[in-house]
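Note that the numbering runs from 1 along the sequence shown for the chain.
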Amino acid sequence: MRRHIVMKVLLMALLVAGGGISAQDSEPDYRGELRLGSHYTGVSDYYKKVAEYDRGKDGMLPDFGFRFDSRYRSGYLGLSGDYFDPRRHNFQLVSRYQDRFRFSGEYRSFFRNQATDNLNNIAAREALDTAWTVPGGKMLTHEDKNPGIDYGLTRREINASIEVRPTTKWDLRMVAAHRTIIEKGAEQATATNHCFSCHITSQAVAAERRTHFYSGGIEVSPGPVTLGYDYRYRTFKSLVPGATVLYDQARHPVTGAMVAEFGSRVAFDNREIEYYVFPEVNKTAHTFKASTDILGGWLSGSFTTSKAKNNDAGLELTGNGGVVRYFVRPGKRSSLSITASIHRLENDTVFIDLPNWREGRPGGGQNFDYTRYSSLTRTVGKGMVQWKYRPSRKYNIALMAGLESVKRDDYPYRGADYETKTYSFEGSLKYRPESRYQIGLKYHLDKTSDPFISFGRLLERNGSATLTPLPGNTQVFYFQRDALRYGNISNQAELSHQADISLAYRISERASLSAGVKLLLEKNNNLDSLEYEHEMFQPNFNLSLTPHPRWAISAGYAYYSDRSNGPLAVAMMDG
């Protein structure tokens, strides 16, 4: 209902604007276009791999489009649309009156397939002998409750914006906009049970989610200073409940016997659990802006304060930050820009309430409740200096130096203040000795100290026999073996080199050639267990010919190679 009201108000504003235009301009210029056609789609094998945004319908299908323009001396009114199929289409309305009023409205829809995980690779069973001839009791199994379903979402967007300039005094401008995103369809949801076997369950889940964006702002220039304010509000809500799954009854890990001992070791035992839940989220942001001429250059700055809230869990994320930029031209052929910013993010802590370990059993009752302190709570500071110089028509030179600091409050432990610093340097050159060809060179270097790392999580030392059972117990449990974990891992580089070489050559008036290559090399050699490396190589070549003014021929070749290493975790049946 709210969406319809908003669209009616915006449409009325459009009609009023159109009426004002026609009253002042007696001889409008009308132009129209209508397109009628058809398209053929042929899909074979698993179409989701090659037709992510196609409905998968074979045969001749109709489509059409239209354009209508009404131009006046003082304004413009336009309507256009394209219809491809019932799930893919878009329509637009545009109105403009002098520089006093602008309106744009758009409705578009498209469909996106979602690949189906058939779970065929999830099946295993332990063996009790090294020859793998005696099967054990622990198993990895799967179950698809809705086989053969095509998963996908239809996404619809409604956009509308109005800009009003009521007076030329102080160059006053006001804007307002609204955007709605509606997603509807079916998705695949999977859940994992573990007791006594790992059991993966897949089922189809209805999806219907709506996101609303509201924004407004004002800008005014009282004298040499320009001031502005922007307001943004966003809401997200799922209109369907989450999926549920029956968490298996706890059993003996080998025999499958139902003993009370094993039910006391898990958080859920023979219970229906809700999962695949999307929380209702609201976000509000306020931005204050100012800019002015100073010291022969242009100084601008802004400050933003925002708050995002998970209404279901009662959690909040607050952010405050500002940015300042100064731009100046020291000479006719050079420019200098300096940018500095700082942002502070604070995320609420979460208390995790767990049932006591082996509640009511001999040697049990241990309390594993804890408070999670998020590594999202951080302070991010950035600074950059960029200088551009053009000594002649043949050369363009640019140099950049920057620093980014990310300081996390509670990582890897409470109060640690883990800080990552990245120093960046970049140089580029464009050389054009004549109008027929141009060469471009660019090199970028990032050097990072203390990149983000997962500490002590990669491997487990061979030493479980050295652990001591807890009081009242005769065995060592899995959670005690956490003390044996070691190995720092990361996919964040300490040193990153990037190079980009390009060539453009105009062979003649009707032929042109372009080629280039991009290179990337990243390394992190300061990890205790695994050295990280990443390499990328991407050459390209393109030839364009225009033998006749009405048609052209283009041919190209591109190659992409990306190689990196990373940790591999193998799930063992015995933990």
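H444 and Q498 are not linked by any side-chain donor-acceptor pair at a separation below 3.5 angstrom, with hydrogens and angles left out of the test. Using modelled atom types, one finds a donor on one side chain and an acceptor on the other under 3.5 Å when comparing S161 with S104.
At a threshold of 4.0 Å, the pair D99-R173 does not count as salt-bridged, since none of the basic side-chain nitrogens sits closer than that to a carboxylate oxygen. Between D63 and R35, at least one side-chain nitrogen of the basic residue sits less than 4.0 Å from a carboxylate oxygen of the acidic one, meeting the salt-bridge criterion. Salt-bridge annotation for E157 and R155: present, with a side-chain N of the basic residue lying under 4.0 Å from a carboxylate O of the acidic one. Classification of R209 and E187 as a salt-bridged pair holds, one side-chain N sitting under 4.0 Å from a carboxylate O.
Within 6.0 Å of CZ on R234 lie no more than 12 heavy atoms contributed by other residues, nucleotides or ligands. Enclosure of atom NZ in K145 by more than 12 non-hydrogen atoms of other residues, nucleotides or ligands within 6.0 angstrom is indicated.
Ring geometry for Y532 against H534 counts as tilted: the plane angle lies between 30° and 60°, on a 0 to 90° scale. Under the 30°/60° scheme for interplanar angles, the aromatic rings of F64 and Y83 are found to lie parallel.
Two rings, from Y431 and Y395, have their centers less than 6.0 Å apart.
Residues forming a ring-ring contact (aromatic ring centres under 6.0 Å, His included) with F425 (at least two apart in sequence, or on another chain): none.
Test Y229, Y231, Y233 against H286 for side chain to side chain donor-acceptor pair (under 3.5 Å) and you get one pass: Y229.
Contact record, Q188 with A115: OE1-O, 4.1 Å, taken as the closest heavy-atom pair. Minimum heavy-atom separation, R100 to P166: NH1-O, 3.7 Å. The heavy-atom pair separating G319 from L345 by the smallest distance is CA-CD2, 3.9 Å.
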